[in-house]
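Single-structure report; data block below.
Remember, predicted model here, so these are calculated numbers, not experimental data. Proteins get letters first, then strands, A, B, ... in listed order; numbering begins at 1 in each.
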Number of protein chains: 2
Amino acid sequence: MSEGVEWALHSCLNLTWLPSEQAVPAAKLAAFYGLPAAYLNKQLQALARAGIVSSTSGPRGGFRLARAAERITLLDVVVAIEGPDEAFRCEELLKRGPGADPAVDYRQACLVARAMRRADLAWRRELAARTLADLKADVERAYPDSPSNTINRFADLRA
Amino acid sequence: MSEGVEWALHSCLNLTWLPSEQAVPAAKLAAFYGLPAAYLNKQLQALARAGIVSSTSGPRGGFRLARAAERITLLDVVVAIEGPDEAFRCEELLKRGPGADPAVDYRQACLVARAMRRADLAWRRELAARTLADLKADVERAYPDSPSNTINRFADLRA
DNA sequence: GTTCAGATACTCGGATAGGGACTGTCCGAGTCCTATTGG
DNA sequence: CCAATAGGACTCGGACAGTCCCTATCCGAGTATCTGAAC
C-alpha cells in the first residue's frame, strides 16, 4: 500500500483539530512531519478530487476538510489515495483454462475470486465503520493534550 | 497484490483434485492455464519454502500438497506469496513530528496504525477461516463435474 | 535371468534482464493582499 | 481622507525524472529412470 495513505490519514487528522474555517497550506502540513511538501501536495490533490478536502488558491489559501469529520470514513481516505480497485484482482484465469465458457463472467462465478472478495469486503467494512471523528475522539481520550499541542505546534511553524 | 496469488490459489486447488501421491511438474500446472512455466515455478518455490507444497526433483518429480487440504488456509497461500507484512506499513510518522518520544514504539501506540491493523486483521481472519478443502467442497457443490473434468484434462496434457 | 554401471532425460532452484508503479521534484496558472498614487 | 489600480507574493495544479518491486526468462545442480552388457 502507498505510503501516501499514512501521510493523508495523519494530515486529515491534524485538520480535524484546526479551526475548520482556516485553510492550511500543504507546506505547513508537510513541515509538521518533515515531509516533502510537493509530494504531500500531490496526495492532497487526490483527496480534493475525491471531495474529502477542499482547496483554495492564493494567499491565505490551502486545504480544509470538505465536510464534517463525522462523515469522513477511513475507507474514504484510503480509496482516495489508493484507488477503488480491490487488492486481489481476478484476471479470470479460468477463462484461459480448458472447458472455459467465454460468456461467463468469472469475476463473479469463480469461487476463488469470491472468497478473496469476501475478505476484501471485511477489510473495507472495518475501515468504513471508523470515521475521522471516531479517530479524533480516541486520540483525545488516550492523549488529552493532543488538541492544544497540535494547534500550538502548527502556530509555531513558519514562526 | 501480486498476480501470483491467483495462480497459486488455482494451482493448489487443482492439486486437491489430483491423486495426492502423484507429484505434478510445474510445467503441467502452468500448461493447464497457459501460464509461463518458469514463472509459475517461482511461485511454487515460494509455496514450498512456506511448507505448503513439497517438491521432488528428477523424472516423475514435481509438486504435491505437503499436508491435507483441510489444514491449508487461503491465508497460508497468500502469505507464502505476498510475504507476512501487512498492507499498511506504519512508518512511525509521529516520530518525525514535534513532541515525539524516541522511546515510544509508534507502531503500537499510534491509533491510526492501530485502526489500519484492525482492518488488516479482519481481512486475515476471513482468509484464515477458509481452507482449501472448504473451497474444493464449494466448487464441487456448484460445479459437480469439476473433479473428473480436472483430472481428465490434466491427463490429456502432454498427451 | 539377474545385477550393476553408465548414460540420459527430466525437474527443481537460483541467478539474470525488462517494465510499470510509487516516490520525489519542478515550474506555471490563478488568486488574494498590499502599497502606491491620484482625486 | 478615500478609492482605484498596479504590482507582488503566495498557493494549488499538473507535467517531468529517479528508484524499487513485480514480471518474465534462462541455465545449472541434482535425481530417478532406462539401457546395455557382463556374470
Side-chain angles (χ1 to χ4, degrees), chain A residues 1-8 11 15 21-31 33-66 78 80-85 87-89 91 93 96 157-158, chain B residues 1-8 11 15 21-31 33-66 78 80-85 87-89 91 93 96 157-158:
Chain A
M1 181 177 304
S2 247
E3 191 177 358
V5 172
E6 186 178 10
W7 300 6
S11 294
L15 283 176
E21 71 279 5
Q22 177 188 350
V24 183
K28 268 197 181 180
L29 289 168
Y33 293 117
L35 300 174
Y39 190 36
L40 179 62
N41 187 20
K42 197 173 180 54
Q43 315 293 348
L44 293 170
Q45 286 174 34
L47 294 177
R49 277 192 295 270
I52 293 173
V53 302
S54 65
S55 63
T56 311
S57 287
R60 312 283 296 170
F63 296 90
R64 76 194 73 188
L65 293 181
V78 171
I81 303 296
E82 283 289 297
D85 295 343
F88 180 84
R89 181 168 43 97
E91 293 287 349
L93 206 57
R96 306 176 60 177
L157 290 177
R158 300 283 221 156
Chain B
M1 181 178 304
S2 251
E3 190 178 356
V5 172
E6 186 179 9
W7 300 5
S11 294
L15 284 176
E21 71 278 4
Q22 176 188 353
V24 183
K28 268 196 184 183
L29 288 168
Y33 292 118
L35 300 174
Y39 189 36
L40 178 63
N41 188 22
K42 195 173 180 55
Q43 315 294 348
L44 292 170
Q45 285 174 34
L47 294 178
R49 278 192 296 270
I52 295 173
V53 301
S54 65
S55 62
T56 309
S57 286
R60 312 282 297 170
F63 296 91
R64 75 194 75 187
L65 292 181
V78 172
I81 303 296
E82 282 290 296
D85 295 342
F88 180 84
R89 180 168 44 98
E91 293 288 349
L93 206 57
R96 306 176 61 176
L157 289 177
R158 298 283 219 157

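- Between the B:R89 side chain and the A:E3 main chain, no donor and acceptor come within less than 3.5 Å of each other.
- Computed from coordinates, the B:I81 CD1 to D:dT23 P distance equals 10 Å when rounded to whole Å.
- Taking OG of B:S11 as the reference point, atom CG of B:L44 lies at 6.0 Å (rounded to 0.5 Å).
- Summarising the geometry, the separation between CG on B:N41 and C1' on D:dA24 is reported as 13 Å, rounded to the nearest angstrom.
- For residues 34-46 of chain B, every residue pair satisfying the side-chain hydrogen bond (donor to acceptor under 3.5 Å, both in side chains) rule, not counting sequence neighbours, is listed here: B:Y39-B:Q43.
- The CG atom of A:L44 sits 13 Å away from the P atom of D:dG14 (whole-angstrom rounding).
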Strictly under 3.5 Å: I want the nitrogen or oxygen pairs between protein and nucleotides 22-24 of chain C, one per line.
residue : atom : partner : partner atom : Å
C:dT23  : OP1  : A:E3    : N            : 2.9
C:dT23  : OP2  : A:S2    : OG           : 2.9
C:dT23  : OP2  : A:Y39   : OH           : 2.9
C:dT23  : O5'  : A:Y39   : OH           : 3.3

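- Heavy-atom minimum distance, B:R64 versus B:T56: NH2-OG1, 3.5 Å.
- Considering all non-hydrogen atoms of both residues, A:G61 and A:A23 come closest at C-CB, 3.7 Å.
- OP1 or OP2 of D:dC12 has not a single side-chain nitrogen or oxygen of A:Q45 nearer than 4.0 Å.
- Across C:dC12, D:dG13, C:dG14, the shortest atom-to-atom separation from the side chain of B:P25 is found for C:dC12.
- B:R49 has its CZ atom 9 Å from the C1' atom of C:dG13, to the nearest Å.
- Distance, B:Q22 CD to C:dT11 C1': 15 Å, rounded to whole Å.
- Here B:R96 contributes atom CZ and A:Y33 contributes atom OH; the two are 11.0 Å apart, rounded to the nearest 0.5 Å.
- Rounded to 10 degrees, the angle between the two end axes of the helix from C:dG1-D:dC39 to C:dG39-D:dC1 is 10°, with five pairs used at each end.
- Rounded to an integer number of Å, the gap from B:L40 CG to D:dT25 P is 12 Å.
- Nearest heavy-atom pair, A:I81 versus A:G4, reported as atom, atom and distance to 0.1 Å: CG2-C, 4.1 Å.
- A:E82 meets the side-chain hydrogen bond (donor to acceptor under 3.5 Å, both in side chains) test with A:S2; sequence neighbours excluded.
- Qualifying side-chain hydrogen bond (donor to acceptor under 3.5 Å, both in side chains) partners for B:Q22, counting only residues two or more places apart in sequence or in other chains: none.
- Rounded to a whole Å, the CD atom of A:E91 is 12 Å from the C1' atom of D:dT23.
- A donor-acceptor pair under 3.5 Å links the side-chain atoms of B:E6 to the main chain of A:E91, judged by distance alone.
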Quick test: give all pairs of protein nitrogen or oxygen and nucleotides 28-36 of chain D nitrogen or oxygen below 3.5 Å, distance rounded to 0.1 Å.
residue : atom : partner : partner atom : Å
D:dG30  : N2   : B:G58   : N            : 3.4

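- Residue B:A26 is in sugar-phosphate contact alone, with no base atom involved, counting any heavy-atom pair closer than 4.0 Å across all strands shown.
- The nearest pair of heavy atoms linking A:A66 to A:G51 is CB-O, 3.4 Å.
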